[in-house]
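A short worksheet on the structure shown next.
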Amino acid sequence: MRSALLVFVAKQLGYPSGIWGRLLLRLLNRENAGMHQLAFDQLAIRQGDRILEIGFGGGSLLARILQTGLPEKVIGIDYAEDALKVTQRKLQRYVRSGRLTLLQGNANHLPFPESQFEQICTVNTLYFWPDASAVFHECYRVLRPEGTLVVCYNTPTVLAEQGLIQQGFKGYEVEAVENLLSQTKFQLIQTISGKDSSNGQYYCTCGKR
Ligand SMILES: C[S@@+](CC[C@H](N)C(=O)[O-])C[C@H]1O[C@@H](n2cnc3c(N)ncnc32)[C@H](O)[C@@H]1O
């Protein structure tokens with residue numbers, strides 16, 4: 001990708017905004033479908049669950065979760081105003097019914113009391129967090145005992161091939177993500193991988209509170 005375009009896209013991926021940001025969010029729904037499916041499969045959603053997605057972007061993983069009809073409540077948090085606008089429009093019937101709430105906020109300070117969720121998921125967001133450990137501690141705090149955290153991401157090799165490490169994306173090897181979860185006191189940590197033509201090889205690391 002030409003460097004000016006790459007700089008622009010990398011910035012938009014971390015904070016989608018304006019017309020191009022909204023377009024990118026819709027594109028991500030399609031391009032990241034494989035990663036969303038892998039994350040969804042790890043959630044094993046049960047009737048009455050309360051589920052949080054951090055950095056929901058264009059909202060397609062939220063849609064998949066809601067379509068099961070199982071959760072009592074789904075909450076999405078993203079710091080980009082345009083992510084909220086795009087997803088609000090896409091999923092307005094769930095918002096109106098009260099089953100989905102979308103919030104503007106930062107992953108490193110989750111605006112919830114402790115022990116609120118059975119499941120937390122996040123896809124392609126780790127690269128933008130200045131302090132991943134702080135975010136995982138927040139996840140731990142707001143998860144209920146035995147609740148599950150699902151983190152889906154590309155590793156540095158793929159991110160570098162895409163030119164994104166060079167644009168300031170923080171890449172983590174699987175072992176580093178597992179160590180961070182372990183240091184946060186998560187248990188039963190395991191990682192599975194997936195692969196597709198859009199994202200190459202990617203990983204999903206899960207841990208239980
Ligand atoms: C690359 S997009 C991924 C969107 C979606 N999860 C997907 O996989 O298609 C990253 C998203 O995470 C959001 N994000 C990044 N860092 C965040 C943070 N610290 N707090 C909340 N949202 C964040 C961005 O605004 C953006 O919508």
Side-chain angles (χ1 to χ4, degrees), residues 1 6-43 51-66 74-91 100-112 117 119-139 141-142 149-155 158-159 162-165 167-172 180 194 196 198-205:
M1 209 183 294
L6 184 59
V7 171
F8 180 72
V9 171
K11 210 170 144 206
Q12 286 287 341
L13 285 168
Y15 192 96
S17 67
I19 288 180
W20 293 111
R22 294 197 289 276
L23 200 67
L24 182 73
L25 288 168
R26 294 191 180 98
L27 197 69
L28 290 179
N29 281 341
R30 202 179 64 205
E31 294 298 306
N32 293 339
M35 296 181 86
H36 296 159
Q37 185 64 47
L38 190 68
F40 175 81
D41 290 342
Q42 308 322 305
L43 288 172
I51 303 178
L52 171 68
E53 184 183 2
I54 298 172
F56 54 79
S60 73
L61 178 54
L62 287 174
R64 210 168 287 212
I65 292 167
L66 285 155
V74 180
I75 298 184
I77 185 163
D78 196 300
Y79 62 15
E81 196 182 340
D82 280 303
L84 265 87
K85 282 186 189 157
V86 166
T87 301
Q88 178 96 25
R89 189 172 304 160
K90 178 182 166 72
L91 301 178
L100 172 66
T101 298
L102 299 173
L103 301 172
Q104 191 175 8
N106 198 317
N108 64 16
H109 184 71
L110 297 173
F112 312 107
F117 300 98
Q119 324 249 19
I120 300 180
C121 55
T122 190
V123 180
N124 279 321
T125 50
L126 182 58
Y127 333 123
F128 310 109
W129 299 341
D131 185 351
S133 171
V135 175
F136 292 148
H137 275 91
E138 275 294 85
C139 291
R141 182 181 67 76
V142 303
L149 172 65
V150 174
V151 187
C152 200
Y153 53 98
N154 273 125
T155 48
V158 171
L159 293 172
Q162 295 169 337
L164 295 171
I165 290 286
Q167 297 305 320
F169 277 41
K170 286 178 125 190
Y172 296 81
L180 280 170
D196 62 44
S198 305
N199 282 295
Q201 180 110 32
Y202 45 83
Y203 297 89
C204 209
T205 299

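First listed ligand is number 1; within each ligand, the first listed atom is number 1.
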Taking distance alone, with N or O pairs closer than 3.5 Å, would you say [X] contacts ligand 1?
X: Gly58; answer: no
X: Asp78; answer: yes
X: Tyr79; answer: yes

query: What distance separates Met35 CE from Cys204 SG, expressed to the nearest 0.5 Å?
result: 8.0 Å
Distance in Å, Leu25 CG paired with Trp20 CH2, rounded so as to fall on 0.5 Å steps: 13.5 Å
Proximal ligand 1 atoms for [X], defined as those under 4.0 Å from one of its heavy atoms:
X: Leu28; answer: 2 (S), 9 (O)
X: Asn106; answer: 18 (C), 19 (N), 20 (N)
X: Gly14; answer: 15 (C), 24 (C), 25 (O)
X: Gly105; answer: 20 (N), 21 (C)
X: Val123; answer: 3 (C), 5 (C), 6 (N), 8 (O)
X: Ala107; answer: 18 (C), 19 (N), 20 (N), 21 (C)

Which is it for [X] and ligand 1 at heavy atoms under 4.0 Å: side chain, backbone, both or neither?
X: Asn32; value: side chain
X: Phe128; value: side chain
X: Pro16; value: side chain
X: Thr125; value: side chain
X: Phe56; value: backbone

Residue-ligand contact Cys152/ligand 1, heavy atom below 4.0 Å: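 The answer is no: ligand 1 sits nowhere under 4.0 Å from a heavy atom of Cys152.
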Would you check if [X] and [Y] make a side-chain contact, meaning some heavy-atom pair closer than 4.5 Å?
X: Leu28; Y: Leu24; value: yes
X: Trp129; Y: Asn108; value: no
X: Tyr127; Y: Leu13; value: no
X: Tyr202; Y: Tyr153; value: no
X: Cys139; Y: Ile54; value: yes
X: Asn32; Y: Leu61; value: no

Any idea which protein heavy atom is nearest [atom], and the distance to it?
atom: atom 8 (O) of ligand 1; value: His36 NE2, 3.1 Å
atom: atom 10 (C) of ligand 1; value: Leu13 O, 3.4 Å
atom: atom 5 (C) of ligand 1; value: Gly55 O, 3.6 Å

query: More than 12 non-hydrogen atoms from neighbouring residues, nucleotides or ligands closer than 6.0 Å to NZ on Lys11, yes or no?
result: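 Atom NZ in Lys11 is not crowded, with 12 or fewer foreign heavy atoms closer than 6.0 Å.
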query: Would you call the rings of Phe169 and Phe128 parallel, tilted or perpendicular if under 30° counts as parallel and over 60° as perpendicular?
result: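 Phe169 vs Phe128 ring planes: perpendicular.
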query: Given Leu62, which of Leu91, Ile51, Ile75 fulfils the side-chain contact (heavy atoms from CB on, under 4.5 Å) condition?
result: Leu91
